[in-house]
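Data first, discussion second: the structure below is written as structure tokens.
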Amino acid sequence: MKWLAPYVDLMFPPSCAFCHSALDTGGMGLLCLACREELADRRGACVRCGSVIAENVDSASDCRQCRGQRFHFDAAVRLGTYEGSRRSAVLRIKRSSERNLAVSLGNFLAAVERNRLRAMALDGIVPVPMHWSRRIWRGVNSPETIAECLARSLNLPLAPHLLTRRRRTAPQASLAPSKRRANVRGAFRATRHADLPGARLLLVDDIMTTGATVNEGAKELRRAGASFVAVAVVARAEGML
């Protein structure tokens with residue numbers, strides 16, 4: 001039915017998933033050029049924690065944000081900082097009605113960071129899981145949607161079964177930074193799986209603030225045998241480590 005596509009676009013012009021302006025080319029679920037420029041942060045970022053760094057700073061070894069910090073993940077990629085349009089986008093994709101935007105952001109993140117992600121020689125992609133009760137209430141888990149897009153774009157297996165949430169935790173955004181690590185401590189359990197020992201995995205969330213959630217998830221994946229865990233998020237909050 002591909003022959004119908006031009007007529008469908010004529011009757012229902014495709015629109016940008018973020019600003020809803022008409023798109024000249026493509027279809028539903030894409031981002032217009034203006035929104036792509038606005039959502040992608042071109043500033044240098046620490047390869048370890050994703051924080052913005054100055055142009056003259058070595059992104060591999062001298063980030064003031066994570067210097068001296070101990071992480072269970074090895075690297076972090078993100079579209080940009082948690083502010084402006086990216087903050088708005090992250091808050092919107094937490095609603096089930098904004099799945100189209102979540103898919104668009106996942107595809108855009110994959111396109112922007114494709115070379116770096118491929119260089120990691122990943123074996124699979126794991127979304128940060130949501131507790132079943134919150135999933136029923138919210139109707140969607142945006143990290144899972146983003147992870148699906150990354151897996152499809154990178155031609156890698158999606159492995160949501162490798163990590164489960166053992167208990168319902170308070171929303172991290174409602175807590176002071178000093179209490180967020182305690183809130184998620186022991187919240188995840190990694191599944192003992194035959195393919196996990198030695199695996200190189202990408203753990204996906206929508207936002208990284210203090211890093212407590214992804215750090216706890218990475219710790220469990222490491223404990224179950226993963227040899228390398230990187231983190232991918234849409235937005236990274238600054239000054240929260």
Side-chain angles (χ1 to χ4, degrees), residues 48-50 66 69-78 82 90-91 93-96 99 102 106 109 120 122-151 156-237 240-241:
R48 184 168 178 250
C49 75
C66 67
Q69 296 280 348
R70 181 173 178 265
F71 298 139
H72 295 283
F73 55 89
D74 301 276
V77 299
R78 87 293 190 265
Y82 184 60
V90 168
L91 293 176
I93 64 176
K94 293 181 181 296
R95 305 194 295 263
S96 58
R99 176 177 167 80
L109 177 59
M120 292 178 185
L122 299 165
D123 297 307
I125 298 182
V126 183
V128 169
M130 179 181 286
H131 191 266
W132 64 268
S133 61
R134 184 164 284 124
R135 178 65 178 263
I136 292 175
W137 174 74
R138 185 173 287 176
V140 68
N141 181 24
S142 52
E144 189 172 300
T145 303
I146 296 167
E148 289 171 359
C149 297
L150 287 166
L156 289 169
L158 181 68
H161 61 284
L162 292 183
L163 194 64
T164 58
R165 192 177 283 260
R166 303 172 61 183
R167 59 181 175 83
R168 179 167 178 155
T169 56
Q172 292 287 76
S174 68
L175 302 173
S178 60
K179 296 183 178 180
R180 295 186 182 189
R181 285 185 174 82
N183 183 50
V184 295
R185 189 173 297 126
F188 302 108
R189 176 185 290 126
T191 304
R192 299 287 175 176
H193 194 275
D195 294 334
L196 193 50
R200 299 175 63 86
L201 302 172
L202 182 68
L203 182 62
V204 179
D205 207 349
D206 48 11
I207 179 176
M208 177 178 169
T209 50
T210 62
T213 300
V214 291
N215 200 45
E216 191 68 19
K219 181 174 74 174
E220 281 301 303
L221 292 172
R222 290 279 200 155
R223 187 174 292 170
S227 64
F228 174 92
V229 179
V231 171
V233 296
V234 172
R236 170 77 169 88
M240 295 291 287
L241 286 179

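Along the sequence shown, residues are numbered consecutively beginning with 1.
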Any side-chain heavy atom of [X] within less than 4.5 Å of one from [Y]?
X      : Y      : answer
Thr145 : Arg99  : yes
Phe73  : Leu201 : no
Phe188 : Thr213 : yes

Show the nearest heavy-atom pair for residues [X] and [Y], with the distance to one decimal.
X      : Y      : value
Cys66  : Phe71  : CB-CE1, 3.6 Å
Ala232 : Leu150 : CB-CD1, 4.3 Å
Asp123 : Gly198 : OD2-O, 4.3 Å
Leu158 : Ala151 : CB-CB, 4.0 Å
Val229 : Ala218 : CG1-CB, 3.8 Å
Cys149 : Gly106 : CB-C, 3.7 Å

Let me confirm one number: the [atom1]-[atom2] distance from [X] to [Y], rounded to the nearest 0.5 Å.
X      : Y      : atom1 : atom2 : value
Arg70  : Lys219 : CZ    : NZ    : 8.5 Å
Asp206 : Leu109 : CG    : CG    : 11.5 Å
Glu144 : Met130 : CD    : CE    : 9.0 Å
Glu220 : Arg165 : CD    : CZ    : 12.0 Å
Arg189 : Leu221 : CZ    : CG    : 13.5 Å
Asn215 : Leu203 : CG    : CG    : 10.0 Å

Side-chain donor/acceptor of [X] to backbone N/O of [Y], under 3.5 Å:
X      : Y      : result
Asp205 : Gly211 : no
Arg236 : Arg78  : no
Arg200 : Ala226 : no

